[in-house]
Amino acid sequence: AERSIPVAKQKYVPTSGTYPKGFLAGSAYAGVKESNKSYDDIALVVSEKPCPAAAVTTKNIFKAAPVHFCRKALKSSNEGYQGVVVNSGCANAVTGELGFQHAAMMAEAADKCFHQDTQTLVMSTGVIGQRLPIDKITNAIPKAYQALGSTHDHWLNAAKAICTTDTFPKLLSRSFTLPGSQHEGKEYRIAGMTKGAGMIHPNMG
Amino acid sequence: TLLGIVCTDAKIEAASMYSLLQSATERSFNCISIDGDTSTNDTVAFFANGAAASDDTPPLQNSDDYREDTAAFVKVFHTFMCDLAKLVVRDGEGATKFVTINVTSDVSMATAKRAATSIARSALVKTALYGKDANWGRILCAIGYAPGIMDSLEVPSESPDHTQSAPPQISPDRTSLSFIPSDGSEELKLLVRGEPETVDEARAKAILEMEDLEIVVKLDDDGVDSGLTGTSDRASKRHKVTVWTCDLSHEYVTINGDYRT
């Protein structure tokens, strides 16, 4: 069913935004959870040109496959990243060797969309201990790529697609200037989305 | 699970992005707690494509806007990360309250963080907040058993038959506790240097009716120089940590009792 935002939380959802140049966001429906028949559960946030990236990840001993995937990728290089592909509905955690393969397949499916030798990071969120319905996901990733755009709605839809038990999408954007002479007159932007409502006591590094 | 994706069109060299992200995470996402459970998937990724900078613009880390914690870009980034993290707490499962916990200590940042985190994780504190009860006893209790604080009080000596006391990280008679109302009205002092205050229950309830609440704990209150600014030796030794949390309601149990693997 379509997820409605409680009245009390609607004030936290932006109705417009100012988003960083050269970044795009998109979402698509995969149906990762059997019960999800309608809402997007795949998100893609990418830079038009490959760029540097960094990540902090959980220190939990039972790191999920996508966490291992990101750590390994970023350990080998911090540059040449296209962006990140995310699925909600299944965490791909404690899923054995197949889980690692699935995380790599998600990245590969996203990489293929860009026809470049780039790298896409992977995130998953949802139930622990279940295998990803990987075909549904890899089929949906090109659709998320097709849906990429730079408008507020694109960003907001991507923020919605990463939600699990969240009652509202969490999206912020801001523009800023810097006082340093090298940046005089230039305006920069920063945007971010986050998700989380339960199992929240992060300890990332 | 917590996920975060942050993108900027500023130009930052890859080599310095991790330390910037780590430092900001330490004061933002690593300072929130909804239910005290650390997920297997928590990840925050940061991308900087430099699209708003011209080719001859040097990367930010070579400028004064980046080098120190107080530099302009670092402040923008830290504030942004904090604001994102706070949104997660606003959406805590079943939460009805957004609680900011500020703890100061003149012992160490770790001491302040341990105390703040213990308060934020305490089911009894969180249910009291849900019940609009100014139950400062539960808050003090949570500070007193905080891992790393309690454990440090007794350190085994060389002799297996004896223990020796380590310098205490917390002294009850230097501990004060207040609620700061979100409407800007006067703070409600609950405990001053270990002595309980007479609490106006009606006012306490009114403060706790509000969605937002700030709990201030001073572990270093000797009755002078309570400010965090200034150049005094005391002020320079003071460490302040902010942790954000929410209350714990029936709804949390309903949501998680229904969630299925």
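Computed from a predicted model, the values in this text were never measured in an experiment. Proteins come first, then strands; the chains are lettered A, B, ... in the order of their sequence lines, and each starts at number 1.
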Electrostatic pair Asp42(B)-Lys59(A), nearest N-O below 4.0 angstrom = no
Highest number of heavy-atom pairs under 4.5 Å with chain B: which of Gly196(A), Cys90(A), Gly192(A), Ala54(A)?
-> Ala54(A)
Check for a donor-acceptor pair, side chain of Asn60(A) on one end and backbone N or O of Thr38(B) on the other, with a separation under 3.5 Å.
-> yes
Polar side-chain atom of Asn41(B) near backbone of Pro66(A) as donor-acceptor pair, under 3.5 Å | no
Under 3.5 Å, is there a donor-acceptor pair between the side chain of Asp9(B) and the main chain of Arg189(A)?
-> yes
May I ask you to name which of Thr125(A), Ile190(A), Asn203(A), Val67(A) has the most heavy-atom pairs under 4.5 Å with chain B?
-> Ile190(A)
Evaluate side chain to side chain contact (heavy atoms under 4.5 Å, CB included) for Val56(A) paired with Thr43(B), printing each intermediate quantity in order.
-> CA-CA 6 Å; Val56(A) 286; Thr43(B) 305; over 6 Å; no
Bottom line for Val76(B): the part with an atom under 4.5 Å from chain A's heavy atoms is side chain
Answer yes or no: is there a donor N or O on one side and an acceptor on the other, between the side chain of Asp91(B) and the main chain of Thr167(A), under 3.5 Å?
-> yes
Does the side chain of Thr117(B) come within less than 4.5 Å of His201(A)'s, by heavy atoms?
-> yes
What's the verdict on side chain to side chain contact (heavy atoms under 4.5 Å, CB included) for Thr1(B) and Met123(A), showing C-alpha distance, side-chain angles and the deciding distance?
-> CA-CA 11 Å; Thr1(B) 289; Met123(A) 296 180 187; over 6 Å; no
Any idea which heavy atoms bring Trp155(A) and Cys7(B) closest together, and the distance?
-> CH2-SG, 4.1 Å
For Met199(A), does its backbone N or O pair with a side-chain atom of Asp35(B) as donor and acceptor, under 3.5 Å?
-> yes
Enter the distance from Leu2(B):CG to Ile200(A):CD1 here, rounded to the nearest 0.5 Å.
-> 5.0 Å
Sidechain-backbone polar pair: Lys21(A) side chain, Asn49(B) backbone, donor-acceptor under 3.5 Å | no
Thr245(B) versus chain A, the contacting section by heavy-atom distance below 4.5 Å = neither
Do any N or O atoms from the side chain of Thr40(B) and from the backbone of Ala64(A) form a donor-acceptor pair under 3.5 angstrom?
-> no
For Thr57(B), is it the side chain, the backbone, both or neither that has a heavy atom under 4.5 Å from a heavy atom of chain A?
-> side chain
Any side-chain heavy atom of Leu172(A) within less than 4.5 Å of one from Leu87(B)?
-> yes
After noting the C-alpha distance and the side-chain angles of Ser47(A) and Phe47(B), does the key distance pass the side chain to side chain contact (heavy atoms under 4.5 Å, CB included) rule?
-> CA-CA 8 Å; Ser47(A) 170; Phe47(B) 300 90; 5.9 Å; no
Which bit of Leu20(B) is near chain A, if near means a heavy-atom gap under 4.5 Å: side chain, backbone, both or neither?
-> neither
Under 6.0 Å between the ring centres of Phe176(A) and Phe73(B)?
-> yes
Between the main-chain N or O of Arg90(B) and the side-chain N or O of Lys9(A), is there a donor-acceptor pair closer than 3.5 Å?
-> yes
